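Remember, predicted model here, so these are calculated numbers, not experimental data.
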Amino acid sequence: MVYTIPSLIEDRISPHAKELIKLVDDFVENDCIPAEEVYFKQLGKGEERFKYIPPIIEELKKKARSLGLWNLFLSKHYAEGAGLTNLEYALMAEIMGKSIRIAPEATNCSAPDTGNMEVFAKYGSPEQKEKWLKPLLNGEIRSAFAMTEKAVASSDATNIETSIKRVGNQYVINGHKWWISGAGDPRCALFLVMGKTLFNENAHKHKQHSLIIVPRNTPGITIVRALTVFGYDDAPEGHCEIIFKDVKVPIQNIILGEGRGFEIIQGRLGPGRIHHCMRSIGAAERGLDLMLMRVTDPSRRTFGKFLSEHETIIADIAQSRMLIDQARLLVLNAADMIDKVGAKSALKEIGMAKVIVPNMLLKVIDRSIQSYGAGGLCDDFPLAYIYSIGRTLKFADGPDEVHIQQIGKLELKRARKVKEEYEKRPKINAKL
């Protein structure tokens, strides 16, 4: 099925981007989706799943790079990027979302590497870029972002307790992290660790934390276990529980400087949040496609009718189509705002997309699962796995509740101006 650029923005998409969109579409439909079954078979079983990289992914990466489908996420604001706008990349990321497990990695556009690469590109020193950004951009290594902690409510990042203390020409790190995506991958060469460098209760709460580079092979790091999401381990990357005990790294590993952690993570999470949303649109489209295939299968009849003839099924299809198209426009608007005013000034648009899109994905996939009956719950079809991703996204990069609070507060800032505008309106005395 050939991807169609929404007519509303078609004139905003450059000829170069349109050509890339065609290539991405062909690559996903004819290479990535057909490779999924092979990929999962090659993963193996048990602990081997975290030691072995399916050969098929390296073959796909090689082809993607030869087609110029590489590091597309890094916008034209960066010298290292592909020269695209966030709006243009949004369309490509949607297509990649149709093969959400394979296509993003095959094009070197998968989290958490995308966010970490953006950190290095935006805030890294020349030495940090040379040592870490370059091999990440080349797809030679992978990375993880270590922020969430087991002992505190990490949705409020000021609660983060991991300590980063300077001792001479080193920093010593102690902390207990979990749900660290990508940490199980044997290619993971570094962690970006969020921790506390200032232990003064009177200091500004957003100036106490820092971000530091911790090479994975540093002594003192223990990967306790790989966690599962509804039973899925997401090997080989995984989501891991990690203990940092007296981990020592040179002072040059601090990013941007002490106390700059919140500044960095806000710069990282803005585009990252919208990338998740972009891919989720594609995942929802695939879910709806699978539903259409199921309900029009002539072998599927109930109570004397094809499934597609039941009014409830027709209504479910319509609801899914409307939800997807609404969510897409919200995502494209957020991407456009990032291009125009930057992520910091587009918090409301990003937040709205971040809340609406995962919930949309869950509703669309749930309807598709229902159309498959019990089969929709097993791995004969990708629906259950996609559902697990959608549910995870209601937490990832900030839970819905945090974004909703932020959106509401930003709206309330308009209250005074709204009142002033209402009061300026002329008053007309009606003659009775």
Side-chain angles (χ1 to χ4, degrees), residues 6 8-9 12 73 75 77 85-87 89-90 93-94 111 114-115 118-119 122-123 145 147-148 152-160 194 204-209 211 259-281 323-363 390 392-425:
L8 191 67
I9 61 165
R12 302 274 305 283
F73 72 95
S75 72
H77 299 102
T85 64
N86 283 288
L87 183 63
Y89 175 62
E94 175 185 333
T114 48
E118 190 148 5
V119 165
K122 191 171 184 178
Y123 304 109
F145 190 80
M147 185 170 114
T148 303
V152 299
S154 302
S155 57
D156 178 356
T158 62
N159 289 328
I160 297 298
M194 178 79 163
H204 193 288
K205 64 180 181 179
H206 291 125
K207 298 292 184 181
Q208 299 181 28
H209 293 77
L211 198 66
R260 309 289 291 275
F262 276 90
E263 178 184 346
I264 297 168
I265 64 171
Q266 285 305 314
R268 178 189 187 276
L269 291 177
R273 286 167 177 152
I274 205 71
H275 292 169
H276 282 311
C277 294
M278 295 167 181
R279 291 188 290 267
S280 295
I281 301 294
L323 284 178
I324 293 171
D325 286 3
Q326 289 171 15
R328 177 184 291 109
L329 292 175
L330 200 59
V331 171
L332 293 176
N333 181 57
D336 191 39
M337 286 295 290
I338 295 173
D339 287 329
K340 289 178 177 177
V341 299
K344 189 174 181 179
S345 298
L347 288 177
K348 185 171 71 173
E349 290 76 15
I350 294 169
M352 289 190 293
K354 179 61 177 64
V355 173
I356 292 295
V357 172
N359 285 285
M360 173 279 297
L361 177 60
L362 290 173
K363 289 178 182 177
T392 300
L393 291 181
K394 285 172 63 63
F395 295 113
D397 292 346
D400 287 3
E401 292 80 1
V402 171
H403 294 293
I404 289 168
Q405 283 287 307
Q406 185 180 63
I407 294 163
K409 288 177 180 178
L410 289 170
E411 277 296 289
L412 282 169
K413 287 182 178 180
R414 299 194 307 113
R416 178 179 294 181
K417 187 175 181 181
V418 168
K419 184 179 179 181
E420 290 172 353
E421 292 296 326
Y422 269 75
E423 290 174 347
K424 287 179 183 178
R425 290 176 178 172

Exercise answer: donor-acceptor pairs, residues 356-363 side-chain atoms, under 3.5 Å, sequence neighbours excluded:
residue : atom : partner : partner atom : Å
N359    : OD1  : K394    : NZ           : 3.0
N359    : ND2  : V355    : O            : 2.7
N359    : ND2  : D400    : OD2          : 3.1

Atom NE2 in H276, atom CD1 in I281: separation rounded to 0.5 Å?
14.0 Å
Atom NZ of K354 and atom CG of D397: how far apart are they, to the nearest 0.5 Å?
6.5 Å
Would the number of heavy atoms belonging to other residues, nucleotides or ligands and lying under 6.0 Å from CZ of F395 be above 12?
no
Side chains of I160 and S154: closer than 4.5 Å at any heavy-atom pair?
yes
d(L410 CG, Q405 CD) to nearest 0.5 Å is 11.0 Å
Could you tell me whether R414 and E411 make a salt bridge, using a distance below 4.0 angstrom between a side-chain N and a carboxylate O?
yes
Looking at every heavy atom in both V331 and C277, which two are closest together, and how far apart are they?
CG2-CB, 3.8 Å
From L332 CG over to L8 CG, what is the distance, rounded to the nearest 0.5 angstrom?
8.5 Å
Distance-only, no hydrogens or angles: does the H275 side chain make a donor-acceptor pair with backbone N or O of A93 under 3.5 Å?
no
State the CD1-CG distance between I274 and D336, to the nearest 0.5 angstrom.
11.0 Å
So NE2 of H77 and CG of D339: to nearest 0.5 Å the spacing works out to 6.0 Å
Could you tell me which residues satisfy side-chain hydrogen bond (donor to acceptor under 3.5 Å, both in side chains) with E401, sequence neighbours excluded, listed by chain and number?
none
